[in-house]
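See structure below.
Here the structure is a predicted model, which is why all the values come from computation and not from measurement. Excluded from the calculations below are hydrogen atoms, water molecules and symmetry mates; all remaining heavy atoms, backbone and side chain alike, are included.
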Amino acid sequence: MSMRTNLSSQISLNRVSPKYYKPETMVDRSVLTRFEKIPTNIFESTEEGVRSVAGEMVQKIQEKQRDGQFCTLALGTGASLRPLFAELVRRHREEQVSFRNVVVFNLYEFYPLAEGQGGSFQQLQELLVNQVDIDPQNVFTPSGKVAQEAVTEHCQLYEQRIKTFGGIDLVVLGIGREGNIGMNVPGSSAMSATRLILVDAVSRAESACNLGVDNLPPCSVTMGIGTIQQARKVYLLAWGEEKADIICQAVEGKMTDVLPASYLQMHPHAVVCVDLPASMHLTRIQRPWLVTSCEWNDKLIRSAIVWLCQTIKKPILKLTNKDYNENGLSELLALYGSAYNVNIKIFNDLQHTITGWPGGKPNADDTYRPERAKPFPKRVIVFSPHPDDDVISMGGTLRRLVQQGHEVHVAYETSGNIAVGDEEVIRFMHFINGFNQLFDGNQNETIRTKYAEIKQYLLAKKEGDLDTRDILTIKGLIRRGEARTASTYNQIPLDRVHFLDLPFYETGRIAKNPISEADVEIVLDLLRKVQPHQIYVAGDLADPHGTHRVCTDAVFAAIDEEKNAGAEWLKDCRIWMYRGAWAEWEIENIEMCVPLSPEELRAKRNSILKHQSQMESAPFLGNDERLFWQRSEDRNHATAALYDHLGLACYEAMEAFVEYKPL
């Protein structure tokens with residue numbers, strides 16, 4: 001069974017690509033990269049980028065071997081480095097690449113670590129050191145267990161050990177959501193050395209997710225920015241669309257201690273390596289007309305006009321020839337003859353994305369509509385990674401599909417059990433206990449025993465302790481109940497509500513298992529049963545926890561299976577991607593936009609509020625203080641406002657979608 005594993009590359013390649021550059025301009029890289037203050041290599045996929053970096057590292061290691069010298073590496077353990085470690089291990093096993101002359105310095109370790117608690121060094125050992133022939137005596141790390149009064153001396157000795165080996169040849173690191181490198185959080189000095197720092201909440205939560213550790217200490221002993229800057233070469237790796245914004249800031253923005261990665265602009269041999277999705281906000285990718293001549297197509301023209309409108313704060317139909325000429329878009333005037341001709345084309349293009357009939361309007365001319373009129377009614381499956389993503393991301397569209405007579409199924413792909421707080425379990429158990437006493441009188445012995453067992457465990461539970469299977473089951477039941485309530489509110493029959501409980505999610509931890517054939521088979525069974533005319537899936541690759549990505553990969557892998565099998569139903573099916581609470585599609589890429597009235601937006605909010613366990617007490621609200629319904633409404637309001645500012649129809653709110661076309 002084939003499984004699609006690089007959703008972000010697939011989506012991005014359908015949107016903006018360096019292929020827009022005219023061939024003659026590809027020769028002069030300095031022109032294309034003139035906004036970039038750190039040399040940046042863009043690869044079409046993570047795999048291609050990893051192979052390139054691994055090749056350069058192996059070349060340096062082998063050069064040092066031939067000269068009888070150590071090759072000194074400083075390595076992080078973030079998610080971006082894991083594919084690189086896997087490639088280095090593969091080269092060791094399959095190509096007999098030796099790492100016997102490699103010296104490794106761990107970039108950081110969390111502090112204080114309890115006895116037996118794993119940190120970043122344990123991850124580094126498991127992912128790389130223990131799988132190749134590096135001499136364990138040549139592997140060094142800051143300690144997370146040294147006495148607090150000895151930390152300063154310990155850091156000084158770590159710096160001295162680096163100097164003993166002649167300094168660092170290569171530093172390989174990732175970049176955090178706040179621009180941190182190593183564990184140098186915002187505010188770190190450009191001259192900082194190895195030291196103990198307090199890790200901010202965002203960096204700590206991100207590290208916990210990356211390391212698959214449910215509880216991390218509040219501090220870290222980290223190699224400083226000054227130490228990193230002294231290395232002979234630095235590689236900064238970033239993969240995936242969720243890194244696009246911070247990469248752009250680090251590479252093209254001002255150098256500032258608010259964004260520690262920007263200090264690499266001073267390094268003479270720093271290189272940023274990204275895949276296409278992570279490069280999406282760089283000027284040469286997002287706004288290629290600002291660096292060179294372009295091969296214009298409809299999508300790029302729309303992107304340019306929207307940018308122009310936002311830059312000079314004019315609606316589309318008020319743009320003039322002068323506006324185009326003064327903002328680097330004179331090529332469009334040459335192609336279309338006048339601003340008026342371009343304006344009308346893009347205005348109509350965007351106008352045609354708006355529809356109040358997301359399932360298609362019956363008995364209507366659908367030439368310029370996003371969805372076809374026939375068949376009607378349609379069978380629709382909305383895939384929801386967690387039990388509330390359907391209403392958070394497309395609750396208005398969901399209600400409209402039901403009200404317009406379509407057969408709507410909702411498939412909740414995971415139980416969402418780890419996102420339920422313990423207090424919800426206690427409240428639920430109180431109800432069950434009281435209910436049993438009220439209607440049973442003597443109280444069922446099994447329920448009484450289980451109630452006491454769970455209550456005792458929760459009272460003794462410490463931060464970082466994993467839930468028992470019984471507690472996870474109760475948390476899953478809580479979320480199922482909320483999902484059923486929301487579906488009933490949206491008039492979806494409960495026999496069309498499907499709880500898939502994909503196995504990859506059921507670890508009881510932040511870290512999840514990789515996607516497997518079992519996950520894909522569950523999705524495949526539902527697709528074959530319903531044979532939908534429309535599928536809605538999460539395209540929210542900015543989701544910081546990664547569950548959305550895996551869930552959507554499972555859906556696309558199942559679709560690939562059906563396509564390869566020649567399934568007839570798939571030939572008449574369209575696939576729409578929505579986004580969630582974390583980000584919205586850029587307007588130039590939107591292909592269907594569903595307007596919501598104030599009443600419809602209020603009904604959407606009510607749907608979200610049915611998920612009471614995910615309100616104030618939800619463990620994974622992130623660093624955004626807004627509740628999920630607030631994030632959703634703000635995003636929908638902003639989309640409507642943008643359409644309004646471009647001179648199109650003015651609505652209360654809008655939900656946006658991008659069509660996915662299987663390869």
In the structure I gave you, are the side-chain heavy atoms of [X] and [Y] within less than 4.5 Å of one another anywhere?
| X | Y | value |
| --- | --- | --- |
| L73 | V103 | no |
| H386 | E413 | no |
| P112 | Q148 | no |
| F43 | S52 | yes |
| D519 | I515 | yes |
| L282 | F35 | no |
| V251 | L264 | no |
| T33 | P39 | no |

*For the pair E87 and R91, find out whether any cationic side-chain nitrogen is under 4.0 Å from an anionic carboxylate oxygen.*
yes
*asked:* Strictly below 4.0 Å, N to O, side chains only: are D169 and K64 in salt-bridge contact?
replied: yes
Does the [X] side chain pair with the main chain of [Y], one donor and one acceptor, at a distance under 3.5 Å?
| X | Y | result |
| --- | --- | --- |
| T552 | R549 | no |
| N101 | I61 | yes |
| T227 | M223 | no |
| S303 | L300 | no |
| D133 | F99 | yes |
| K243 | I175 | yes |
| W239 | S80 | yes |
| N180 | M183 | no |
| H92 | V97 | yes |
| Q229 | Y263 | yes |

Approximate separation, where rounding is to 0.5 Å, of [X] [atom1] and [Y] [atom2]:
| X | Y | atom1 | atom2 | value |
| --- | --- | --- | --- | --- |
| T46 | R82 | OG1 | CZ | 14.5 Å |
| E159 | R195 | CD | CZ | 10.0 Å |
| K461 | L466 | NZ | CG | 8.0 Å |

*Just do the side-chain contact (heavy atoms from CB on, under 4.5 Å) check on C551 and T414 with the steps written out, would you?*
CA-CA 8 Å; C551 286; T414 71; 3.7 Å; yes
*asked:* Evaluate E241 against R579 for salt bridge (charged side-chain N to carboxylate O under 4.0 Å, His left out), listing each step before the verdict.
replied: CA-CA 13 Å; E241 191 171 344; R579 286 204 160 177; 2.6 Å; yes
_Classify the ring geometry of Y158 against H154: parallel below 30°, tilted from 30° to 60°, perpendicular beyond 60°._
parallel
Over all heavy atoms of both residues, which pair between [X] and [Y] is shortest? Give the atoms and the distance, please.
| X | Y | answer |
| --- | --- | --- |
| V151 | L196 | CG1-CB, 3.7 Å |
| Y111 | A147 | OH-C, 3.5 Å |
| P503 | N513 | O-ND2, 4.4 Å |
| V221 | C155 | CG1-SG, 3.7 Å |
| W585 | A656 | CD1-O, 3.7 Å |
| E109 | T141 | CB-OG1, 4.3 Å |

*Stepwise, does the salt bridge (charged side-chain N to carboxylate O under 4.0 Å, His left out) test hold for D245 with R177?*
CA-CA 9 Å; D245 187 54; R177 278 186 283 163; over 6 Å; no
*Can you sort out the partners of Q265 under side-chain hydrogen bond (donor to acceptor under 3.5 Å, both in side chains), two or more places apart, ordered by chain and number?*
none
Any chance [atom1] of [X] has more than 12 other-residue heavy atoms, nucleotides or ligands included, within less than 6.0 Å?
| X | atom1 | answer |
| --- | --- | --- |
| Q137 | CD | no |
| E153 | CD | no |
| R161 | CZ | no |
| M191 | CE | no |
| K163 | NZ | no |
| R34 | CZ | yes |

*Is there a side-chain hydrogen bond (donor to acceptor under 3.5 Å, both in side chains) between Y108 and T77 once you walk through the steps?*
CA-CA 9 Å; Y108 58 87; T77 53; 3.3 Å; yes
*Which one of L173, L107, L128, V102 satisfies the side-chain contact (heavy atoms from CB on, under 4.5 Å) criterion with L75?*
L128
*Would you sort out whether Y235 and E56 count as a side-chain hydrogen bond (donor to acceptor under 3.5 Å, both in side chains), showing the intermediate values?*
CA-CA 10 Å; Y235 290 98; E56 292 182 26; 2.5 Å; yes
Under 3.5 Å, is there a donor-acceptor pair between the [X] and [Y] side chains?
| X | Y | result |
| --- | --- | --- |
| D275 | S45 | no |
| S293 | E331 | yes |
| Q122 | E126 | yes |
| S188 | D257 | no |
| T283 | E252 | yes |
| S262 | Q249 | no |

*Kindly determine whether I168 and R232 satisfy side-chain contact (heavy atoms from CB on, under 4.5 Å), including the steps that lead there.*
CA-CA 6 Å; I168 297 170; R232 285 176 274 281; 5.9 Å; no
*Test K60 against E63 for salt bridge (charged side-chain N to carboxylate O under 4.0 Å, His left out), laying out the working first.*
CA-CA 5 Å; K60 173 58 69 173; E63 285 177 5; 3.7 Å; yes
*Step by step, would you call R302 with E586 a salt bridge (charged side-chain N to carboxylate O under 4.0 Å, His left out)?*
CA-CA 11 Å; R302 192 205 287 191; E586 300 87 347; over 6 Å; no
*For the pair F165 and F140, evaluate ring-ring contact (aromatic ring centres under 6.0 Å, His included) and give the outcome as yes or no after the intermediate values.*
CA-CA 12 Å; F165 283 93; F140 305 97; 5.6 Å; yes
*asked:* Using side-chain contact (heavy atoms from CB on, under 4.5 Å), reason through I247 and L236 one step at a time and then give a plain yes or no.
replied: CA-CA 10 Å; I247 281 292; L236 188 151; 3.8 Å; yes
